[in-house]
Colleague: 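I have a structure I would like to understand better, so I am pasting it below and will then ask my questions one at a time.
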Amino acid sequence: MSNISASSLSYQVGNDIFEGYLVYDADQHAPLPGILIAPNWMGATEDAVTQAKTIAANGYVVLVADLYGHGQRPTSGDEAGAMMMKVKDQPAEVARMQAALNALRTQTSAAIDAANVAAIGFCFGGHCALELARSGADIKAAVSFHGTLDTQGRYAGNTITAALLVLDGAADPLVPREQLAEFANEMNSKGIDWQLVSFAGAVHSFTDPKANNAGVAQYYPEVTQRAFKRMYQLLDEVF
């Protein structure tokens with residue numbers, strides 16, 4: 001059986017301290033692929049760590065990124081929204097993801113195959129994972145679960161080297177439907193290896209067991225199972 005360990009991992013972004021959570025099988029000593037998780041707008045919570053433990057048990061070294069900074073933990077949707085908007089579509093979004101990616105690769109607690117790393121994200125974190133890929137980061141894949149697909153377009157040329165997978169709720173009112181076509185056009189114009197899967201009837205936050213705002217943000221266990229199956233399939237391909 002797996003012996004999944006979770007511990008805090010501090011790293012710097014500029015002069016600021018950030019604190020993510022490293023999750024891995026403590027009994028596994030051979031290098032494993034790495035997964036950087038960008039959590040939803042509530043940040044690096046216990047729920048995000050629980051989710052990371054499930055992923056780690058499938059044979060990965062996982063880091064839940066801190067997107068707000070040490071001690072910056074929202075306690076409500078209003079606080080989370082305010083913190084998110086200070087990061088989303090700003091240079092800080094990719095800078096914080098890149099710092100977390102570096103921290104995952106260079107940490108020494110878990111044996112990691114540093115050449116095989118992917119980024120995934122949920123809601124706001126899904127946007128972060130895609131923007132990291134757009135920046136040309138050295139990752140094998142980026143996966144967005146119910147995240148927005150827009151970009152500020154600050155990245156010149158065909159910078160994306162990762163395979164991209166977007167897992168979308170077809171009835172998600174918080175991801176404008178026109179973004180799907182815009183994303184497809186963007187990726188096609190750059191010749192990217194990309195997939196976009198829309199799940200019928202699903203709305204925002206379909207992977208979150210605590211999401212209970214009917215018709216807006218709601219948990220769909222069957223869709224969650226299908227979405228993760230798609231993610232693991234892609235990871236098997238790129239790793």
Colleague: Within this structure, what is the CG-CG distance for the pair Leu36 and Leu63, rounded to the nearest 0.5 Å?
Modeller: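 Interatomic distance, Leu36 CG to Leu63 CG, rounded to 0.5 Å: 5.5 Å.
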Colleague: With sequence neighbours excluded, tell me which residues meet side-chain hydrogen bond (donor to acceptor under 3.5 Å, both in side chains) with Gln218.
Modeller: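 None.
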Colleague: Taking side chain as C-beta onward, heavy atoms only, is Val23 less than 4.5 Å from Ser5?
Modeller: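 No - every pair of side-chain heavy atoms lies 4.5 Å or more apart.
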Colleague: Using a 3.5 Å distance criterion without hydrogens, assess whether the side chain of Ser135 forms a donor-acceptor pair with backbone atoms of Leu132.
Modeller: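 Judged by distance alone, yes, a pair lies under 3.5 Å.
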Colleague: Is there any ring pair (Phe, Tyr, Trp, His ring centres under 6.0 Å) pair reaching into residues 74-106, and which pairs are they, with sequence neighbours excluded?
Modeller: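 The answer is none; no pair qualifies.
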Colleague: Treating Ile, Leu, Val, Met, Phe, Trp and Tyr as nodes and any side-chain heavy-atom pair under 4.5 angstrom as an edge, say whether Leu167 and Leu174 lie in one connected cluster.
Modeller: no
Colleague: Mind jotting down which residue pairs meet the salt bridge (Lys or Arg N to Asp or Glu O under 4.0 Å) criterion with at least one end in residues 69-96? Sequence neighbours excluded, please.
Modeller: Asp66-Arg73, Lys88-Asp150
Colleague: Centroid-to-centroid, Tyr60 to Tyr24, below 6.0 Å?
Modeller: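 Not close enough - the centres of the two rings lie 6.0 Å or further apart.
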Colleague: Test Leu67 against Phe124 for side-chain contact (heavy atoms from CB on, under 4.5 Å), laying out the working first.
Modeller: CA-CA 10 Å; Leu67 299 173; Phe124 166 49; 3.7 Å; yes
Colleague: For atom CD of Gln90, decide whether the heavy atoms of other residues, nucleotides or ligands shown that lie under 6.0 angstrom number more than 12.
Modeller: yes
Colleague: When hydrophobic residues are tied together by side-chain contacts of less than 4.5 Å, even through go-betweens, does Leu101 share a cluster with Val62?
Modeller: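 Result: no, two separate clusters.
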Colleague: Could I get the full list of side-chain hydrogen bond (donor to acceptor under 3.5 Å, both in side chains) partners for Thr224, not counting sequence neighbours?
Modeller: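 None.
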Colleague: Taking only residues two or more places apart in sequence or in another chain, which ones pass side chain to side chain contact (heavy atoms under 4.5 Å, CB included) with Glu237?
Modeller: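 So Glu237 forms a side chain to side chain contact (heavy atoms under 4.5 Å, CB included) with Gln233, Leu234.
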Colleague: Partners of Arg230 by salt bridge (Lys or Arg N to Asp or Glu O under 4.0 Å), sequence neighbours excluded?
Modeller: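 By the salt bridge (Lys or Arg N to Asp or Glu O under 4.0 Å) rule, Arg230 matches no residue at all.
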Colleague: Could you list the residues that satisfy ring-ring contact (aromatic ring centres under 6.0 Å, His included) with Trp41, not counting sequence neighbours?
Modeller: none
Colleague: With hydrophobic residues grouped by side-chain heavy-atom distances under 4.5 Å, do Tyr21 and Leu104 end up in a single group?
Modeller: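 No, no single cluster joins them.
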Colleague: For side-chain contact (heavy atoms from CB on, under 4.5 Å), just list the numbers for Phe122 and Thr207, CA-CA rounded to whole Å, side-chain angles, deciding distance to a tenth of an Å, and then say yes or no.
Modeller: CA-CA 8 Å; Phe122 301 85; Thr207 63; 3.5 Å; yes
Colleague: Side-chain atoms of residues 13-20: list all donor-acceptor pairs with protein atoms under 3.5 Å, sequence neighbours left out, distances to 0.1 Å.
Modeller:
residue: Glu19; atom: OE1; partner: His70; partner atom: ND1; Å: 3.1
residue: Glu19; atom: OE2; partner: Ser8; partner atom: OG; Å: 3.4

Colleague: With clusters defined by side-chain heavy atoms of hydrophobic residues (ILVMFWY) lying less than 4.5 Å apart, directly or transitively, does Val64 cluster with Tyr11?
Modeller: no
Colleague: Can you list, pair by pair, the side-chain donor-acceptor contacts under 3.5 Å of residues 110-118, counting residues two or more places apart and other chains?
Modeller:
residue: Asp113; atom: OD1; partner: Ala115; partner atom: N; Å: 3.3
residue: Asp113; atom: OD2; partner: Asn116; partner atom: ND2; Å: 2.7
residue: Asn116; atom: OD1; partner: Lys140; partner atom: NZ; Å: 2.8

Colleague: Would a 4.5 Å heavy-atom cut-off, applied to side chains only, mark Met84 and Tyr68 as touching?
Modeller: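 Heavy-atom side-chain distance check passes, below 4.5 Å.
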Colleague: Run the side-chain donor-acceptor check on residues 199-206: report pairs under 3.5 Å with partners two or more places apart or on a different chain.
Modeller:
residue: His204; atom: ND1; partner: His146; partner atom: O; Å: 3.4
residue: His204; atom: ND1; partner: Asp172; partner atom: OD1; Å: 3.3
residue: His204; atom: ND1; partner: Asp172; partner atom: OD2; Å: 2.7

Colleague: Evaluate Leu22 against Val61 for side-chain contact (heavy atoms from CB on, under 4.5 Å), listing each step before the verdict.
Modeller: CA-CA 8 Å; Leu22 184 68; Val61 176; 3.9 Å; yes
Colleague: Thr161 and Ala137: which non-hydrogen atoms are nearest, and at how many Å?
Modeller: OG1-O, 3.5 Å
Colleague: Is it the case that atom CZ in Arg105 sees more than 12 heavy atoms from other parts of the structure closer than 6.0 Å?
Modeller: yes
Colleague: Count the heavy atoms of every other residue, nucleotide or ligand shown that sit under 6.0 Å from CD of Glu178, and state whether that count exceeds 12.
Modeller: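 Result for CD/Glu178: enclosed.
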Colleague: Atom CG of Leu149 and atom OG of Ser144: how far apart are they, to the nearest 0.5 Å?
Modeller: 6.0 Å
Colleague: Only counting residues at least two apart or in another chain, list the ones meeting side-chain hydrogen bond (donor to acceptor under 3.5 Å, both in side chains) with Asp193.
Modeller: none
Colleague: Do you see a donor-acceptor pair shorter than 3.5 Å between the side chains of Asn58 and Tyr232?
Modeller: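 Yes, because at least one side-chain N or O of Asn58 sits under 3.5 Å from a partner of the opposite role on Tyr232.
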Colleague: Would you please name every residue forming a side chain to side chain contact (heavy atoms under 4.5 Å, CB included) with Met187, sequence neighbours left out?
Modeller: Arg134, Ile160, Leu164, Phe183, Ile192, Trp194
Colleague: Consider only side-chain heavy atoms of I, L, V, M, F, W and Y, link residues closer than 4.5 Å, and tell whether Leu130 and Ile37 are in one cluster.
Modeller: no
Colleague: Does the Gln28 side chain pair with the main chain of Ala30, one donor and one acceptor, at a distance under 3.5 Å?
Modeller: yes
